[in-house]
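Labels below follow one simple rule: chain letters A, B, ... track the order of the sequence lines, proteins then strands, and each chain is numbered from 1.
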Amino acid sequence: MKMENYEACVGFDLCETPLSTVAQKIMSAMRSGDLMASRNEGERTKTSEVTKKPSVHFSVLAEHEKTQPLETKNPKSLINQTPRGSVELSSQPSITKLSAGQVQNSISSSGLSSYLIPQCDQEASVLQNREHKRKHFLKENIGKEDKDSLNLKRKYITCSNSPEKASKHTALGKETDGTESWQNSEDTRALGKQLCDVRYLGDLAKVQLMDVLKQAAALVVTLMYKDGSTQLSAKQALTCPVKGIVVLLKSHVGSSPLILPAHGGALGKDFTSTDHCIYIHTEQSPFWDPKQEAHSLFVRNILFWTLRCKCPVVCFNAKDFVRTVLQLYGEDGSWKHVAGFVGLDPRVAAWLIDPSDTAPSFEDLVAKHLEKSIIVKPSSTFNDASINIVSQNVCVNLKILYDLTMDLCSKLKAYGLWQLFCTLELPLIPILAVMENHKISIDKEEMERTSALLGAHLKKLEQEAHFVAGEQFLIMSNNQLREILFGKLKLHLLSQRKHLPRTGLQNQLSTSEAMLNSLQDLHPLPKIILEYRQGSISSTWNQTGTVTGRLSAKHPNIQGISKHPIQISRPRNFKGKEEETATISPRTLFVSSEGYTFLAADFSQIELRILAHLSGDPELLKLFQESERDDVFSTLTSQWKDIPIERVTHMDREQTKKVVYSVVYGAGKERLAACLGVTVLEATHFLEQFLQKYKKIKDFAQTVIGQCHSAGYVASILGRRRPLPRICAQNQQLRAQAERQAVNFVVQGSAADLCKLAMIRIFAAVATSPTLTARLVAQIHDELLFEVEDTQIPEFAALVRRIMESLQQVQTLELQLQVPLKVNLSIGRSWGHLTPLQETLGSA
DNA sequence: ACTTATATCCTAGGG
DNA sequence: TCCCTAGGATAT
C-alpha cells in the first residue's frame with residue numbers, strides 16, 4: 001500500500017526518465033502562469049547542505065559535538081547492526097561516563113582516521129583541555145535533559161533571546177488544557193497570533209488542520225532548534241537539536257505574500273482564504289504519556305504528508321528537513337517513501353546560478369536576490385522586513401523565503417538551469433538525506449588495533465627525526481622543517497637538481513613530497529619525514545559545496561579515505577630497535593552488516609570518455625569504441641612504454657592516468673616532467689607527441705575558451721554553468737588559469753552530471769521495487785557504494801549496470817554520447833577488500 | 001597572556 | 001601556469 005502511494009506520488013515509469021517527468025510537471029506548472037499553480041502534480045524542492053549527523057564518527061569530540069543533539073532515535077539500528085561492534089553514537093550513557101583514561105581509549109578507537117592519531121601524540125594538556133570541554137559540553141547538554149526536562153524546557157523558553165520566538169497560539173479551534181509553562185511564557189506580541197502550536201489543538205481542529213494542509217497551494221517549512229533559531233537564522237547553531245518544525249500553509253499562490261501580514265487580521269477568520277503558520281513540536285519528553293503518543297502519531301502524519309504531498313514544498317536546506325523527519329519518525333523501509341520528495345530549495349537554486357557562492361545564509365540570499373523586488377515593491381511592511389530580517393518573526397521569514405524561492409526559480413528558468421534543477425539537483429536531495437541516515441558499520445577491533453599501531457609508530461618516527469636532525473622540532477611544521485633541511489643541513493646545496501620545488505606565493509624552498517624525494521639520498525631525515533607524513537584520513541554530504549557540480553563529503557571525508565593500504569615498515573633499524581612491518585588499509589574498517597554485502601559500481605575513465613565525446617577526436621573515440629574490453633590506461637601505457645599489456649603494473653597505470661589528465665587539462669612541461677620523473681626536455685617531447693596524436697583535444701579546448709570568452713561562462717553537458725569572469729582578464733596568469741578552469745569544468749562538470757543522474761535513477765529504481773532493499777552508502781565521485789542484501793546481489797548488480805551504462809543516451813535530456821560508458825562492479829564484505837564481480841549471464 | 005580567525009602549505013581522494 | 005575537493009597543522 002505504501003508502494004502504491006509512492007508510485008502514485010512519483011508517477012513515472014522507472015524505465016523512462018523519471019527526472020524529466022518531474023521537470024515537465026514543474027515546468028508545465030510554471031508555464032501555466034505560476035509555479036505554485038500546480039494542481040495534481042507534485043513538485044517539491046530540497047536543498048542539501050551541511051548535515052549535522054554523519055554516518056560514521058571517528059572521534060569522540062566529533063561524536064558528542066554532533067550527535068548529541070538528536071538524541072539518536074535508533075535503538076533498532078543499535079541492536080541490529082552491532083555484529084562487529086559498529087560505532088554507534090547513540091551510546092550516550094557510555095559517553096557520559098567516560099573518564100580521562102577512557103577518552104584516550106576512545107580516541108584510539110577512532111583510530112583509523114589519521115587526523116586523530118596526532119592527537120594521541122599531543123601534549124596531555126591538549127587532551128585535558130578537550131576533556132574539559134567535553135565534560136562541560138556534556139554537562140550542559142546531556143545531563144540535564146534526562147533529569148529534569150521541565151527545567152530545561154523552561155530554560156529554553158526563557159533564555160531564548162533569539163528573535164524568532166515560537167509564539168504559539170492557537171488560531172484554530174480551542175486552546176485546550178494549556179497548563180504548561182509554554183503557555184505562560186508565551187509572548188503575545190503582534191505577530192504571535194499567527195503561529196499555531198498543534199499541540200493545543202482539539203480533535204476537531206486537527207481534522208480541520210489536515211484539511212487545510214491538503215488544500216494548501218504551497219508549504220513553506222523550516223526546522224526550529226532548541227535555542228529558538230531556525231534554518232533561516234544567520235548563525236546556524238550547528239550543535240543544536242531540533243525542537244520542532246514550523247510550516248507556513250499558503251492557501252493561494254499570490255506572488256506577494258508579504259502583503260498578508262498587514263491584512264491578515266482582516267482576512268483572518270476563514271481558514272481557506274488566508275495563510276497560516278503552524279508549529280509542530282517534535283521534541284519528545286522521556287516520560288511515557290498516552291497523550292503524547294497520540295500527538296506523535298498526528299505529527300508523524302503531518303510530516304510524512306508534507307514529504308509526499310503534491311503541492312510545492314519550499315525549504316531552505318531541505319535535506320536537513322528530510323533527514324530530521326526520517327530520524328524522528330522513520331522506520332524500517334520508510335526511506336522509500338521520501339524518495340520522490342521534491343522540495344524547492346533556494347540554496348540549491350542559488351548555487352546553480354552562482355556555484356562559487358558556496359554557503360550563503362538565508363539573509364545573504366535575500367540580500368542578493370530579493371533586494372530588487374523589495375525596492376520595486378516598496379510596501380512599508382516589506383521595508384521593515386528587509387532592514388532587519390533577523391529580528392522578524394518566523395512567519396514573516398517564511399513568507400520572505402517563499403518569495404525568494406519563487407524569484408530564484410524564475411531566474412533559473414531565465415538562465416536555462418531549470419531542467420537541471422528539477423531533474424538532477426532536486427531529486428538528489430532526499431537521496432543524500434537517506435544516505436546520511438544510513439550508518440556504516442565499523443570493525444571496531446580492527447580500528448583500535450590500527451589506531452594503537454599508528455600512534456606508536458608516529459611517536460617513534462618523531463623521535464627518530466629529532467635524533468637525526470640533532471634537535472627537537474615540530475615535525476608537522478613545514479616552516480621548522482624548512483629551517484632544518486635548508487638552514488641547518490643545507491641539503492639544497494648538495495642536490496644536483498637545478499630546479500628544486502618552491503612554494504607558490506612566497507617562493508620559499510618547498511618541503512613537499514617531491515622535494516623530500518629528491519633529497520632522500522642525502523640525509524636520513526627526508527625519508528623519516530616522508531614516512532611520518534604517510535596518510536591522513538580524514539559524512540555529511542554537501543550538495544552545494546563545489547564549483548563543478550560534484551558532491552563533497554565531510555566528517556569524515558569519506559571521499560578522501562586512503563584507497564590502498566599504507567605500508568608502515570622500517571627495514572633499516574634505528575637505535576638497534578627491532579624491525580617491524582605492518583600495513584594499514586583504512587577502507588577495511590568499513591564493513592557491511594550481517595547478511596549484507598558492499599557493491600561498488602564505478603564508471604571507468606568517465607572524464608576521458610566525456611572528453612572523447614565532446615572533442616570528437618577520432619583517435620580517442622577509437623580507443624573507447626574498439627577496445628571496449630581493455631582498460632584504456634593500461635592500453636596507453638603498453639603503447640608508449642612498448643611493453644605487453646600484461647606487464648603493465650598498477651603503478652604504471654596510475655602514472656599514465658595522472659599524466660593523461662594532467663596533459664589534457666593543460667599541464668606545463670615542468671609539471672609533467674616532475675610527474676613523469678623525466679627531464680624537462682623529454683617531457684616537452686612527450687607533450688608534443690601526445691597533443692599531436694590526439695589533435696582535436698586542443699581544438700576542443702580552443703572552442704571552449706572561445707565560448708567562455710564570448711558568454712562569460714561555460715556549461716556542462718546538462719547545462720550546469722560556471723561563470724568565469726577572469727576569462728577576459730588582462731593579467732596573463734589569471735586569464736590562463738580561467739582558460740584551464742573552463743576546459744576542466746566542461747568535462748568534470750559533465751561527469752558530475754552523469755554520476756548524479758546515475759544515483760537518482762538507481763535510487764528511484766530501488767524505491768519503486770517491491771523487493772530490492774539496497775542502500776546507498778557513499779558516493780566517491782565516479783563510484784557508488786551500496787550495501788546490498790546478499791541474496792539480491794545478482795539482481796541488483798544487473799540493475800545498476802544497466803542503468804549506469806544506459807546513460808550513454810538519455811533522450812529526454814537530449815543526451816547521446818558518442819562513446820559507450822563502462823561500469824566496473826565489485827563486491828565484498830569490507831570496503832577495503834572488494835573483488836570484481838563476475839556476473840552470471842542472463843541479466844536481461 | 002589568552003583565544004580566535006585567516007592564510008599557507010601539504011596530502012588524501014577523484015578526473 | 002592541469003582541475004576540483006576536505007582536512008590537518010602551523011604561523012601570524
Side-chain angles (χ1 to χ4, degrees), chain A residues 58-59 62 113-119 121-122 129 355-356 358 473-482 501-506 508-516 529-530 532-542 545-564 566 586-587 602-611 633 654 657-672 674-675 687 701 722 731-752 754-755 778-783:
Chain A
F58 280 107
S59 78
S113 94
S114 60
Y115 60 77
L116 264 190
I117 299 305
Q119 291 177 5
D121 283 333
Q122 296 291 333
N129 188 23
S356 61
T358 251
F473 65 100
L474 278 172
I475 197 164
M476 299 298 269
S477 166
N478 297 319
N479 272 352
Q480 293 190 23
L481 178 61
R482 189 170 7 251
R502 286 183 173 270
T503 61
L505 287 176
Q506 303 188 0
Q508 286 177 303
L509 285 164
S510 169
T511 57
S512 67
E513 183 173 8
M515 170 67 91
L516 294 173
I529 299 294
L530 281 171
Y532 186 90
R533 285 182 182 172
Q534 287 290 333
S536 151
I537 317 168
S538 159
S539 268
T540 276
W541 298 91
N542 192 349
T546 66
V547 288
T548 52
R550 279 182 170 183
L551 297 175
S552 71
K554 65 181 190 184
H555 202 216
N557 177 8
I558 203 169
Q559 295 177 322
I561 290 177
S562 291
K563 189 172 194 174
H564 303 296
I566 59 180
R587 291 192 178 189
D602 65 277
F603 283 115
S604 65
Q605 308 107 20
I606 184 153
E607 282 190 19
L608 205 53
R609 285 172 192 265
I610 285 172
L611 178 69
F633 290 119
E654 287 302 301
K657 195 168 146 186
K658 195 100 195 153
V659 167
V660 167
Y661 283 116
S662 302
V663 171
V664 162
Y665 295 127
K669 45 186 194 275
E670 284 87 5
R671 177 73 75 101
L672 185 59
C675 192
L687 214 157
R722 178 170 184 187
N731 184 323
Q732 181 72 27
Q733 184 174 338
L734 292 179
R735 196 172 67 243
Q737 184 181 30
E739 289 174 354
R740 289 191 302 270
Q741 288 170 323
V743 175
N744 175 265
F745 172 85
V746 174
V747 181
Q748 186 175 322
S750 299
L754 291 186
C755 294
Q779 187 247 44
I780 304 96
H781 303 125
D782 70 321
E783 171 187 348

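A:A553 comes within 4.0 angstrom of the backbone, heavy atoms only, and of no base. Looking at heavy-atom distances under 4.0 Å, A:V547 makes contact with sugar-phosphate atoms alone, never a base. The residue A:Q748 sits close to a base: some heavy atom pair falls under 4.0 Å. Looking at heavy-atom distances under 4.0 Å, A:K669 makes no contact with the nucleic acid at all. Within the 4.0 angstrom heavy-atom criterion, no nucleotide atom of any strand lies near A:L672. When heavy atoms are screened at a 4.0 angstrom cut-off, A:L474 is found touching the sugar-phosphate backbone but no base atom.
Taking atom CD1 of residue A:I558 and atom P of nucleotide C:dG7, one finds them 12 Å apart after rounding to whole Å. The CD atom of A:E783 sits 8 Å away from the P atom of B:dG14 (whole-angstrom rounding). Going from atom CD of A:Q480 over to atom P of C:dG8 covers 20 Å, rounded to whole Å. As a whole-Å value, the separation of A:E607 CD from B:dG13 C1' is 13 Å. The CZ atom of A:F473 sits 16 Å away from the P atom of C:dA9 (whole-angstrom rounding). In this structure, A:L608 places its CG atom 17 Å from P of B:dG14, rounding to the nearest Å. For A:N744 and C:dC3, the CG to P distance is 8 Å, given to the nearest whole Å. In this entry the distance linking CZ of A:R482 with C1' of C:dA11 reads 11 Å, nearest Å.
Of all nucleotides listed (B:dG13, C:dT1, C:dG7), C:dT1 comes nearest to the side chain of A:R740. Minimum atom distance to the side chain of A:N557 is reached by C:dA6, of the listed C:dT1, C:dC2, C:dA6. Closest approach to the A:H555 side chain among C:dG7, B:dG14, C:dT5 is made by C:dG7 (side chain taken as heavy atoms from C-beta onward). Checked against C:dC4, C:dT1, C:dG7, the side chain of A:R550 finds its nearest nucleotide in C:dC4. Comparing C:dA11, C:dC2, C:dC3 by their closest approach to the side chain of A:R722 singles out C:dC3. The A:N478 side chain lies nearest to B:dC9 when the options are B:dG13, B:dC9, C:dT1. Candidate nucleotides C:dT5, B:dC10, C:dC2 were compared by shortest atom distance to the side chain of A:T546, and C:dT5 ranks first. When the nucleotides B:dC10, C:dC3, C:dT5 are ranked by their closest atom to the side chain of A:S510, B:dC10 comes out on top.
Between the side chain of A:S662 and the base of C:dC2, at least one donor-acceptor pair of N or O atoms lies under 3.5 Å.
Across every non-hydrogen atom of A:S604 and A:R609, the tightest pair is O-NE, 2.9 Å.
Dashed line: the shortest gap from a side-chain N or O of A:S562 to OP1 or OP2 of B:dA12 is not under 4.0 Å. The shortest distance between the side-chain N/O atoms of A:Q733 and the OP1/OP2 oxygens of C:dT1 is below 4.0 Å. Side-chain N/O atoms of A:T511 include one lying less than 4.0 angstrom from OP1 or OP2 on B:dC10. Distances shown here put a side-chain N or O of A:K657 below 4.0 Å from the OP1 or OP2 atom of B:dG15.
In this structure, A:M515 and A:L509 have side chains that are in contact, with non-hydrogen atoms separated by less than 4.5 Å. In this structure, A:N479 and A:F473 have side chains that are not in contact, with every pair of non-hydrogen atoms separated by 4.5 Å or more. With contacts defined as side-chain heavy-atom distances shorter than 4.5 Å, the pair A:V747/A:V664 does not qualify. Within the 4.5 Å cutoff, side-chain heavy atoms of A:W541 are placed close to those of A:Q559.
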Practice prompt. Would you check, one step at a time, whether the test side-chain hydrogen bond (donor to acceptor under 3.5 Å, both in side chains) holds for A:R735 with A:Q732?
Written response: CA-CA 5 Å; A:R735 196 172 67 243; A:Q732 181 72 27; 2.9 Å; yes

Fill in: Check against side-chain contact (heavy atoms from CB on, under 4.5 Å), A:F745 and A:V547
CA-CA 8 Å; A:F745 172 85; A:V547 288; 5.9 Å; no

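Between C:dT1 and B:dC9, the distance separating the two P atoms is 11 Å to the nearest Å. Comparing the same atom, P, in B:dT4 and in C:dT5 gives a spacing of 29 Å after rounding to whole Å.
Across the interface with DNA chain C, nearest-nucleotide mapping of A:N479 and A:Q559 shows A:Q559 to be the residue nearer the 5′ end.
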